[in-house]
**Q** 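Dropping a structure here in structure tokens format, bear with me for questions.
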Amino acid sequence: MDYVSALVPPVVMAVFFIGVIRVIVKSQGGANKAKEDAAVDAALARTQSAGQAPAGTDV
């Protein structure tokens, strides 16, 4: 029975890993894609506008 207790943790981890990968793949594209793209675009715009120093100042 030692072999069963040795195999259970890797099998459980593999099942959870496969589940995580399936969730990631299913959440790509579709209606979520437009929301994710808009969020990334907004974050990039904030970063770019905050990164510009006012004229006449040395940073």
**Q** Tell me every residue that passes side-chain contact (heavy atoms from CB on, under 4.5 Å) with L7, counting only those two or more places apart in sequence or in another chain.
**A**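 Once residues adjacent in sequence are excluded, L7 has no partner under the side-chain contact (heavy atoms from CB on, under 4.5 Å) criterion.
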**Q** Share the residues that join V40 in a hydrophobic cluster, the rule being Ile, Leu, Val, Met, Phe, Trp or Tyr side chains under 4.5 Å apart at the heavy-atom level.
**A** L44
**Q** How close do P9 and S5 get, heavy atom to heavy atom, and via which atoms?
**A**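 Closest pair (atom of P9, atom of S5, distance): CD-O, 3.3 Å.
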**Q** List, by chain and then residue number, the residues other than I18 in its hydrophobic cluster (Ile/Leu/Val/Met/Phe/Trp/Tyr, side-chain heavy atoms under 4.5 Å); write none if there are no others.
**A** none
**Q** Which other residues end up in the same hydrophobic cluster as F17, if Ile, Leu, Val, Met, Phe, Trp and Tyr are linked when side-chain heavy atoms come under 4.5 Å apart?
**A**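 Hydrophobic cluster check, F17: joined to I21, V25.
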**Q** Which pairs, with at least one residue in residues 29-42 and sequence neighbours excluded, count as a salt bridge (charged side-chain N to carboxylate O under 4.0 Å, His left out)?
**A** K33-D37
**Q** Run the side-chain contact (heavy atoms from CB on, under 4.5 Å) test against V8 and tell me which residues pass, sequence neighbours left out.
**A**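 Once residues adjacent in sequence are excluded, the partners of V8 under the side-chain contact (heavy atoms from CB on, under 4.5 Å) criterion are V4, V12.
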